[in-house]
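Okay, so here's the structure we're looking at.
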Amino acid sequence: MALHPDRLLPVEDTTRAIARRLFAEVETLPIVSPHGHTEPAWYAQNERFPDPAALFVIPDHYIFRMLYSQGVPLEALGVPTADGTPVETDPRRIWRLFAEHYRLFRGTPSRLWFEHSLQATFGIEERLSPQTADAIYDRIADALQTDAMRPRALYERFNIEAIATTDSALDDLAHHDAVRASGWRGRVLPTYRPDAVVDPDRPGFAEALQRFFALTGEPQTYAGYLDGHRTRRAYFKARGATATDHGHPSARTANLSAAECELLFSKILAGTGSAAENELFRAQILTEMARMSLDDGLVMQIHAGSSRNHNSKLFERFGFDKGADIPQRTDYVGALRPMLDVVGNEAGLTIILFTLDETVYSRELAPLAGHYPALRLGPPWWFHDSPEGMMRFRENVTETAGFYNTVGFNDDTRAFLSIPARHDVARRVDCAFLAKLVADGRLDEDEAREVAIDLTYRVVKDAYKI
Amino acid sequence: MALHPDRLLPVEDTTRAIARRLFAEVETLPIVSPHGHTEPAWYAQNERFPDPAALFVIPDHYIFRMLYSQGVPLEALGVPTADGTPVETDPRRIWRLFAEHYRLFRGTPSRLWFEHSLQATFGIEERLSPQTADAIYDRIADALQTDAMRPRALYERFNIEAIATTDSALDDLAHHDAVRASGWRGRVLPTYRPDAVVDPDRPGFAEALQRFFALTGEPQTYAGYLDGHRTRRAYFKARGATATDHGHPSARTANLSAAECELLFSKILAGTGSAAENELFRAQILTEMARMSLDDGLVMQIHAGSSRNHNSKLFERFGFDKGADIPQRTDYVGALRPMLDVVGNEAGLTIILFTLDETVYSRELAPLAGHYPALRLGPPWWFHDSPEGMMRFRENVTETAGFYNTVGFNDDTRAFLSIPARHDVARRVDCAFLAKLVADGRLDEDEAREVAIDLTYRVVKDAYKI
Amino acid sequence: MALHPDRLLPVEDTTRAIARRLFAEVETLPIVSPHGHTEPAWYAQNERFPDPAALFVIPDHYIFRMLYSQGVPLEALGVPTADGTPVETDPRRIWRLFAEHYRLFRGTPSRLWFEHSLQATFGIEERLSPQTADAIYDRIADALQTDAMRPRALYERFNIEAIATTDSALDDLAHHDAVRASGWRGRVLPTYRPDAVVDPDRPGFAEALQRFFALTGEPQTYAGYLDGHRTRRAYFKARGATATDHGHPSARTANLSAAECELLFSKILAGTGSAAENELFRAQILTEMARMSLDDGLVMQIHAGSSRNHNSKLFERFGFDKGADIPQRTDYVGALRPMLDVVGNEAGLTIILFTLDETVYSRELAPLAGHYPALRLGPPWWFHDSPEGMMRFRENVTETAGFYNTVGFNDDTRAFLSIPARHDVARRVDCAFLAKLVADGRLDEDEAREVAIDLTYRVVKDAYKI
């Protein structure tokens with residue numbers, strides 16, 4: 001299974017040759033990772049990762065989701081339960097179970113990421129199987145004992161220039177402070193993600209809101225609530241944050257009057273909002289956040305369209321983020337209009353849009369981003385963060401929005417070892433797309449080279465102000 | 001027009017060579033046809049097909065639909081009317097009309113299926129045209145007189161291992177009994193399709209429901225109605241059925257309380273259900289059918305999203321299935337949730353989902369099937385059962401659902417001669433897709449070979465329990 | 001940047017060779033342009049185009065839209081304001097601004113069209129950049145002084161056989177009369193576009209309606225209103241019109257009773273229609289227009305699905321058509337049914353459907369056009385009028401609707417110089433698609449050649465009765 005050096009590049013000779021030249025220009029550029037879910041504690045404490053299962057299986061919802069779809073119980077994979085049901089604790093048994101079902105990942109990006117990690121980080125070129133499972137386990141487990149596998153060493157080895165984490169509005173960012181205080185040269189930037197105090201439908205919202213007011217010392221009014229956000233945003237910004245992030249079930253925005261906002265907030269605060277009012281509150285806060293971004297310069301990211309915790313039984317047993325989030329049809333053209341009426345023409349503001357509904361690429365997102373100065377398009381997200389998904393993104397948005405209304409790649413991962421693999425895939429697919437344009441005469445190669453470098457590095461830093 | 005031996009395989013040399021090797025592994029595997037619309041009487045009575053028009057034109061809604069779209073009256077094609085309007089009865093004139101308009105089928109799968117049938121079954125390599133129409137007609141007509149063209153001989157010549165028919169819940173399956181009693185080695189399996197007694201919006205529903213109660217001897221209550229289904233499912237299962245099939249305008253499911261069910265059923269029985277109540281009834285029955293499948297082991301197929309009989313005038317004159325069914329936008333993520341709350345986590349249950357809305361492949365179906373143990377994805381259906389459609393299916397679902405949450409190919413046809421042609425197309429497109437993954441380094445060729453065989457044969461038998 | 005002679009053709013050798021042969025058959029065929037937005041005054045008055053900015057930047061919403069999305073104010077591009085705000089008037093400064101941002105157009109069709117125009121019309125092969133801006137400006141400006149660059153000379157040089165304009169129902173078509181009276185051999189056909197008197201939501205509707213009644217002398221009743229349309233359609237037809245065109249936010253149609261129509265019209269006339277009633281009025285008029293087309297033979301075009309003037313602030317300052325129109329999700333299968341119930345089975349009628357929602361290609365439009373005799377599919381429209389968009393169109397509609405339910409290409413442009421470039425792109429993409437079918441054995445090359453010529457020339461003239 002040695003990685004094919006031309007993997008994901010076009011197969012036809014002429015186009016492959018172009019793609020190789022383009023890829024050679026970007027292959028070794030530093031990784032700028034402006035959105036992801038690695039743990040700040042890793043960088044602060046620099047502790048070893050415990051074992052292969054804890055590294056590759058237990059926390060990776062792409063992996064255990066696929067295994068679960070074919071009847072493997074999450075308990076047998078060591079996925080921790082919220083209700084106290086005991087789970088498998090022997091990492092080797094978990095690893096073997098993964099190996100037994102490895103064929104399920106054929107044709108998936110998980111497979112690409114995993115094998116890239118095995119080879120690039122551990123030098124393992126054997127394919128995982130029941131026969132090879134133990135030997136591979138041992139090699140990884142041994143390697144994990146070395147200092148070269150500590151988070152900071154990996155950060156450096158991966159040639160990461162900066163990496164953003166995603167952090168609750170209630171977080172004290174102590175780990176970020178610790179990183180900065182340590183003198184280590186790595187750049188780990190927090191991101192302000194206030195969903196816990198913005199989405200009244202989330203379990204624990206009322207309590208989170210009380211902690212938010214306690215933390216910020218603001219009065220429990222709408223004005224106080226907004227000031228609380230301003231305070232927390234400033235706190236994050238002072239610790240290096242350049243962006244906020246908002247995960248909402250829809251992209252709906254609103255622009256209510258002050259009186260309407262006060263009335264709505266009183267219901268939200270009392271926990272008496274209807275489903276429609278909760279949706280309206282989320283919608284209004286997106287517009288408020290956009291206004292604040294205009295003031296404080298934080299880039300705004302909107303991740304819209306996930307139907308969270310679709311599987312009720314699984315959610316009851318395992319809690320959040322256990323693979324039962326399903327994309328849903330998502331409107332942008334009507335939904336964003338109230339917010340765009342307020343800030344859409346602001347060239348100094350950057351709002352980055354993400355979607356799980358690929359039908360909006362050519363129909364809504366590219367036309368919107370190809371017009372409004374404040375809008376940019378985030379890379380393919382989650383289920384679409386894959387070779388075919390990335391290619392569809394470029395094919396569907398470029399002709400209307402161009403390259404420069406996009407913002408480069410997000411690895412968006414909590415799987416640390418997959419970071420170089422994911423960036424590698426993204427760079428290869430972009431080069432493959434550009435090579436296609438060059439080969440059929442739509443773009444000159446010198447321009448394609450500049451675009452490849454821009455998409456890998458320059459537009460990322462520009463868009464995210466890193 | 002001799003069939004290109006590499007048809008539908010990639011053209012680029014490297015990829016074509018891989019695809020050829022993969023296709024060589026599956027080209028001659030037996031056909032397992034787990035869902036289709038051939039007539040059980042063919043196998044029971046083994047009578048000759050009457051003439052070329054009756055074989056290729058009159059019953060094939062793909063063919064007469066296209067001709068109708070360009071102004072050819074259905075009457076002139078011999079399509080029987082429901083209102084007694086006389087139609088063309090000379091098969092040679094019908095055939096000539098088809099030949100005159102043959103250019104309309106350029107680029108369509110009908111063309112591929114037709115030419116494959118001509119060549120593989122009749123040895124005809126001339127292209128159909130006004131000039132060749134009569135000669136081709138005569139050759140087919142002559143061949144149809146031979147015993148080699150009787151249904152059982154064709155079944156054997158086509159190397160069919162098993163074929164499922166689709167049968168009304170009210171059917172006595174006498175033809176299936178006759179096949180079994182005959183000692184012939186062919187396997188013809190019935191499929192339980194209860195739409196006529198599930199969908200209150202279908203013409204004739206009230207009468208069908210009365211026949212259903214009469215047939216099963218159950219009381220006219222909701223409990224009796226459900227017991228009636230249990231009785232009929234057992235009857236089908238005893239005759240070899242391994243699956244049920246449900247054709248609904250939407251994928252909506254429900255999980256009502258017992259009292260709600262009784263009340264709803266009383267309205268349905270009285271014929272006083274509103275459109276919304278009729279929809280709710282269909283939704284509830286899907287969940288009931290899933291529960292029964294959990295009990296009796298029958299695989300459940302859901303074919304959702306066709307707006308039936310869109311053309312009112314045509315429907316009045318010609319009745320059902322005359323080409324005026326149009327796909328409509330279809331939601332799965334919200335629609336299936338009530339049913340999935342009940343049975344979604346059951347690894348022992350198989351529910352196979354079909355769609356006419358390709359936008360749900362990557363957005364809804366792959367994420368659902370890539371998570372819920374009970375779900376599998378049926379192959380591209382109807383309008384999408386074509387080279388481009390099949391390739392889009394693989395490109396859109398594989399990265400999230402993999403290959404093993406799909407169930408292989410369905411020919412889904414009432415055109416007997418097209419069965420080998422359709423399986424040939426499906427095998428070629430799967431090999432083309434796999435070859436692409438091998439050529440650009442996403443999969444090793446030994447794995448691709450195993451997947452090709454699995455998709456052609458093993459997962460079909462596993463998923464459908466054949 | 002010399003144009004690649006094989007641009008947009010497949011890169012793989014075998015397929016490219018086929019595509020080249022096909023393209024050689026259509027490259028020099030006359031241009032038939034049945035739908036577009038060039039100014040009839042150009043042909044009537046035959047005046048010179050003033051300067052490069054007025055030719056390429058100021059009127060081209062594809063160009064200034066992209067520039068605006070990256071922060072370039074429309075005022076700086078010389079786009080005229082509706083509110084009197086002064087704008088840049090120096091064409092050279094506008095041109096330099098365009099040149100500075102030229103990289104934004106990488107990968108867009110605007111780039112292809114622009115460079116084709118530069119090279120084919122002006123012989124310019126240098127890429128636009130800040131360094132080359134002035135030299136290129138001068139060469140264009142000089143050329144524009146020559147008689148060879150007057151509209152009629154360009155029409156002839158572009159090998160245009162006929163071109164349709166799009167004209168308000170209130171237009172007196174004086175320019176068209178002048179062209180005809182001039183004895184010039186060019187064919188410039190008006191198209192009846194009555195949106196201004198059909199859409200009650202358009203600013204100025206009430207006034208337009210009064211002018212419509214004044215112009216036609218009809219009584220202000222629904223019957224009078226319909227007769228007014230009949231009068232105006234006849235007026236257009238007498239001046240060469242072969243088609244009407246209808247730009248609606250949705251594809252909704254209706255078939256109300258006479259009494260309902262009268263009541264609805266009285267509200268529309270009084271300006272008291274609700275949003276829903278305005279939509280219903282538009283819907284009803286589509287059906288009325290279809291009925292009139294059945295009577296007078298004018299081909300009916302429906303351009304549905306644009307959310308017009310999405311950007312309120314921009315609309316206030318600049319007015320219509322300034323790049324702030326965004327596509328929206330559009331239903332056809334339910335929306336068209338009332339109209340199709342009336343006229344769908346009429347083989348003598350041609351209704352051409354356009355969409356901005358690509359998801360309906362395979363799901364709705366191809367199945368509808370592949371069934372109803374009255375329906376045909378227009379080419380990819382607006383945001384989708386691009387190499388990738390055109391390829392998606394063919395890939396998604398051909399298998400169900402074939403080639404002969406489509407109507408060839410529309411350049412749909414107000415940018416006169418881009419007409420040959422746009423037809424060139426369309427011809428190349430069609431040949432690329434056909435070559436793919438030939439190369440993988442789905443079509444014989446002699447048939448592909450016939451289809452290529454049909455799509456370029458014959459079906460256009462047939463569908464539009466030109």
Side-chain angles (χ1 to χ4, degrees), chain A residues 1 3-13 15-16 61-62 65-66 68-73 101 103-112 127 305-307 310-314 322-330 355-359 382-389 391-392 428 432, chain B residues 10-15 18 329 331-334 336-337 340-342 344-348 358-364 366-376 394-405 433-444 446-448 450-451 454:
Chain A
M1 64 148 250
L3 294 178
H4 194 309
D6 290 327
R7 63 192 178 280
L8 302 175
L9 302 187
V11 175
E12 189 277 326
D13 286 342
T15 322
R16 175 164 285 189
H61 59 75
Y62 288 86
R65 176 187 185 109
M66 178 66 91
Y68 185 71
S69 80
Q70 289 273 323
V72 180
H101 292 83
R103 67 173 192 153
L104 302 181
F105 297 94
R106 289 172 181 165
T108 69
S110 296
R111 158 79 176 248
L112 287 173
R127 190 194 300 156
S306 177
S307 174
H310 191 270
N311 187 332
S312 309
K313 286 179 184 164
L314 205 79
K322 288 308 179 291
D325 301 336
I326 310 289
Q328 54 193 346
R329 200 158 59 209
T330 308
T355 192
L356 295 175
D357 179 354
E358 292 179 301
T359 70
W382 201 340
F383 299 96
H384 311 309
D385 170 20
S386 58
E388 301 288 337
M391 188 56 83
R392 282 197 292 270
R428 288 172 183 274
Chain B
V11 176
E12 188 277 326
D13 286 341
T14 306
T15 322
I18 299 166
R329 201 159 57 209
D331 163 64
Y332 290 83
V333 65
L336 293 178
R337 196 165 172 174
L340 292 174
D341 272 346
V342 179
N345 293 291
E346 299 288 346
E358 292 179 300
T359 70
V360 304
Y361 285 163
S362 71
R363 187 183 60 219
E364 304 182 27
L368 286 166
H371 167 68
Y372 282 101
L375 293 182
R376 293 291 182 277
R394 291 285 175 215
E395 289 172 347
N396 280 281
V397 312
T398 305
E399 294 183 318
T400 292
F403 292 106
Y404 293 96
N405 284 306
F433 178 69
L434 286 162
K436 191 173 71 162
L437 299 190
V438 173
D440 74 2
R442 282 184 267 178
L443 200 62
D444 293 328
D446 66 311
E447 299 178 285
E450 188 177 296
V451 173
D454 287 342

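Just the heavy atoms: all of them, side chains too, but no hydrogens, waters or symmetry mates, feed the values below. Each chain gets a letter, A, B and so on, in the order the sequences are listed, and its residues count up from 1.
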Taking Thr15(B), Thr400(B), Thr359(B) one by one, which has the highest count of heavy-atom pairs under 4.5 Å against chain A? Thr400(B)

If you measure from CZ on Arg337(B) to CG on Asn311(A), what distance do you get to the nearest 0.5 Å? 8.5 Å

So, do Arg103(A) and Glu447(B) sit near enough that their side-chain heavy atoms are less than 4.5 Å apart? no

Any residue meeting side-chain hydrogen bond (donor to acceptor under 3.5 Å, both in side chains) with Glu346(B), in chain and number order, not counting sequence neighbours: none

Less than 4.5 Å apart, side chain to side chain, heavy atoms only: is that true for Arg111(A) and Glu399(B)? no

For a 4.5 angstrom cut-off between non-hydrogen side-chain atoms, does Asp325(A) reach His371(B)? no

Under 4.5 Å from any heavy atom of chain B - which part of Pro387(A): both

For the candidates Lys313(A), His384(A), Gln70(A), which exhibits the highest count of non-hydrogen atom pairs separated by less than 4.5 Å from chain B? Gln70(A)

If I measure from the heavy atoms of chain A, does Val342(B) come under 4.5 Å with its side chain, its backbone, both, or neither? backbone

Pick from Arg7(A), Met391(A), Arg65(A), Arg16(A) with the largest number of heavy-atom pairs that fall under 4.5 Å of chain B: Arg65(A)

Highest number of heavy-atom pairs under 4.5 Å with chain B: which of Gln328(A), Glu358(A), Arg329(A), Met66(A)? Arg329(A)

Of the non-hydrogen atoms in Ala347(B) and Gly71(A), which two are nearest, and what is the gap between them? CB-CA, 3.9 Å

Go through Val451(B), Thr14(B), Asn405(B) and name the one with the most non-hydrogen pairs under 4.5 angstrom from chain A. Asn405(B)

Answer whether the closest heavy-atom distance between the side chains of Pro10(A) and Glu12(B) falls below 4.5 Å. no

Should Arg106(A) and Tyr404(B) be marked as a side chain to side chain contact (heavy atoms under 4.5 Å, CB included) after you check the CA-CA gap, both sets of side-chain angles, and the distance that decides it? CA-CA 9 Å; Arg106(A) 289 172 181 165; Tyr404(B) 293 96; 3.0 Å; yes

Shortest non-hydrogen contact from Val333(B) to His310(A)? O-NE2, 2.5 Å

Winner by heavy-atom pair count (cut-off under 4.5 Å) against chain A, out of Gly334(B), Gly402(B), Ala448(B): Gly402(B)

Looking at Pro367(B), Ala366(B), Gly344(B), which makes the most heavy-atom pairs under 4.5 Å with chain A? Pro367(B)

Need one label for Asn396(B): side chain, backbone, both or neither, based on atoms under 4.5 Å from any heavy atom in chain A. both

Option that, when pairs with chain A are counted at under 4.5 Å, heavy atom only, ranks first among Thr398(B), Leu368(B), Asp341(B), Asn345(B): Asn345(B)

Heavy-atom pair with the smallest gap, counting every atom of Ser362(B) and Arg392(A): CB-NH2, 4.3 Å

Between Tyr68(A) and chain B, which part of the residue has a heavy atom less than 4.5 Å away: side chain, backbone, both or neither? both

What's the spacing between Leu112(A) CG and Arg442(B) CZ if we round to 0.5 Å? 7.5 Å

Is it the side chain or the backbone of Arg394(B) that comes within 4.5 Å of chain A heavy atoms, both, or neither? neither

Quick one: what part of Leu356(A) sits under 4.5 Å from any heavy atom of chain B, side chain, backbone, both or neither? backbone

Got a second to check how far Arg428(A)'s CZ is from Asp440(B)'s CG, nearest 0.5 Å? 10.0 Å

Is the shortest side-chain heavy-atom distance between Asp446(B) and Arg127(A) below 4.5 Å? yes

Structural part of Leu9(A) lying under 4.5 Å from a heavy atom of chain B: backbone

Going by the rule ring pair (Phe, Tyr, Trp, His ring centres under 6.0 Å), which residues pair with Tyr361(B) if we only count those two or more places apart in sequence or in a different chain? Phe393(B)

Residues Glu388(A) and Lys436(B) bridged, charged N to O under 4.0 Å: yes

Which atoms of Ser386(A) approach chain B - backbone, side chain, both or neither, heavy atom under 4.5 Å: both

Sort Ala369(B) into side chain, backbone, both or neither according to what part of it lies under 4.5 angstrom from a heavy atom of chain A. backbone

Counting only heavy atoms closer than 4.5 Å, note whether Ala401(B) contacts chain A via side chain, backbone, both or neither. backbone

